[in-house]
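A quick write-up on the structure given underneath.
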2 protein chains.
Amino acid sequence: MTLKEGKEKFIQSWGALGSSWGINRTMAQIHALLLISPEALSAEEIMEELQISRGNANMNIRALIDWGLVYKELKPGERKEFFVAEKDMWEVVKNIIIQRKKRELEPMLRVLDEISSVDPDSEEAEEFIEIIREIKLFSNKADSTLDTLVKSDSNWFVGTFMKMIK
Amino acid sequence: MTLKEGKEKFIQSWGALGSSWGINRTMAQIHALLLISPEALSAEEIMEELQISRGNANMNIRALIDWGLVYKELKPGERKEFFVAEKDMWEVVKNIIIQRKKRELEPMLRVLDEISSVDPDSEEAEEFIEIIREIKLFSNKADSTLDTLVKSDSNWFVGTFMKMIK
DNA sequence: TTGTTGGTTCAGTACTTTTTGAAACTTCCT
DNA sequence: AGGAAGTTTCAAAAAGTACTGAACCAACAA
């Protein structure tokens, strides 16, 4: 396989993977492109490489920065902005966990709390409250487990955890 | 909050959560409805409750069974099929991990392997191979960690792991 | 065999999300 | 102030995804 083919295949696959993770195709492709790029790239270069419009590039780069997966890099002398990807996979995953926890798990916990206030004025209501209570319990565990996971470092993940768990 | 409001809110929120997890809104809503239903429900009842068409109900129920989140229940005497949700949250999460691992992580591992065969015939190619190697290493770790996680049981998750990690 | 109940399929439609491209804005230089 | 280089925004269009409803299939009962 040639380098060009390999790069294309990687960008394409990373894009597909992203789609099923709430990260849109283009966003994931930009991330992939930056991941395998030894140099920081400008918006122009990204547009060119992925054949996308300026607006699209701009919005998705912004979103990537927002997720903490890409950094802006200002080269001295250049007025243009350049972008680099976070290349430590553990950092990437950690940032995704942080964002999704904030965007999805936390709102759900709030909803579960609200819902718990249903009047237990019937057999059915009691059963409902009990099921919600169990879901809440589980979600809270997941929440604090993720917190701990995010605080731990890469070495812990690749080393200790694997041994501990085996 | 009344029981009716609570149920609606839960179904609605679970649906929204699903959307960001590659599980479509209706599928997640059916799952929510079954989760909070003490009785198994028929397709008719689900259609009625969520105001969806027969085709939609059928396809999504089947997908849920496919994901291992819902079971078919045949009541003796009744020709109709009834459905119940898996109510153990740990089982639910485990099944989702299993499915997504199979659908997303494993194909990505295969692609990474293919890509590794790029000719290291330039500085750039060597850097590319190295980055891919790191991603592969990380993905393999994630893969086996998830395997172990899935094999472990609920008690381990809610008990030991939490203490261990603190 | 015919009618009834329930399940499945899928082409067309409706809805949602993403992308484009052009205009507006910002910064800096002369 | 005017202009060049770059970035941001957003309405409209395109692409992608989900849903409907009607036709079809299967099992059973009369």
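Everything numeric in this text was worked out from a predicted model, so none of it was measured. Reminder, nothing fancy here: chain letters follow the sequence lines and each chain counts from 1.
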Tell me whether the OP1 or OP2 atom of dG6(C) has a side-chain N or O from Ser42(B) closer than 4.0 Å.
no
Any salt bridge linking Glu114(A) with Arg110(A)? Criterion: basic side-chain nitrogen under 4.0 Å from a carboxylate oxygen.
no
If you measure only the distance, is there a donor-acceptor pair under 3.5 Å linking the side chains of Gln99(B) and Arg103(B)?
yes
Same apolar cluster (I L V M F W Y, side chains within < 4.5 Å links), Val70(B)/Met47(B)
no
Without decimals, in angstroms, what is the distance between Glu45(B) CD and dT5(C) P?
16 Å
Phosphate oxygens OP1/OP2 of dT18(C): is one of them under 4.0 Å from a side-chain N or O of Thr26(A)?
no
Using whole Å, what does the distance between atom P of nucleotide dT7(D) and atom CD1 of Ile52(A) come to?
14 Å
How many whole angstroms separate atom CD of Glu44(A) from atom P of dT8(D)?
13 Å
May I ask you to test the Val92(B)-His31(B) pair for a side-chain heavy-atom distance under 4.5 Å?
yes
Output the single nucleotide from dT8(D), dT19(C), dG6(D) whose closest atom is nearest the side chain of Lys80(A).
dG6(D)
From CG of Asn58(B) across to P of dC10(C) the rounded distance in Å is 12 Å
Roughly how many Å is it from CG in Asn56(B) to P in dT9(C), rounded to a whole number?
15 Å
Which whole-number value in Å describes the distance from Glu78(B) CD to dA29(D) P?
13 Å
To the nearest Å, give me how far apart CE (Met47(B)) and C1' (dT20(D)) are.
11 Å
Starting at the 5' end of DNA chain C and moving along, which residue's nearest nucleotide shows up first, Asn24(A) or Gly55(B)?
Gly55(B)
Side-chain N,O (Arg62(A)) to OP1/OP2 (dT8(D)) below 4.0 Å:
yes
Closest-nucleotide ordering on DNA chain D, the 5'-leading residue of Met59(B) and Arg79(A):
Arg79(A)
Side-chain heavy atoms nearer than 4.5 Å, only ILVMFWY residues, links allowed to pass through others: does that put Tyr71(B) and Trp90(B) together?
no
Rounding to an integer number of Å, can you tell me how far Arg25(B) CZ sits from dT20(D) P?
13 Å
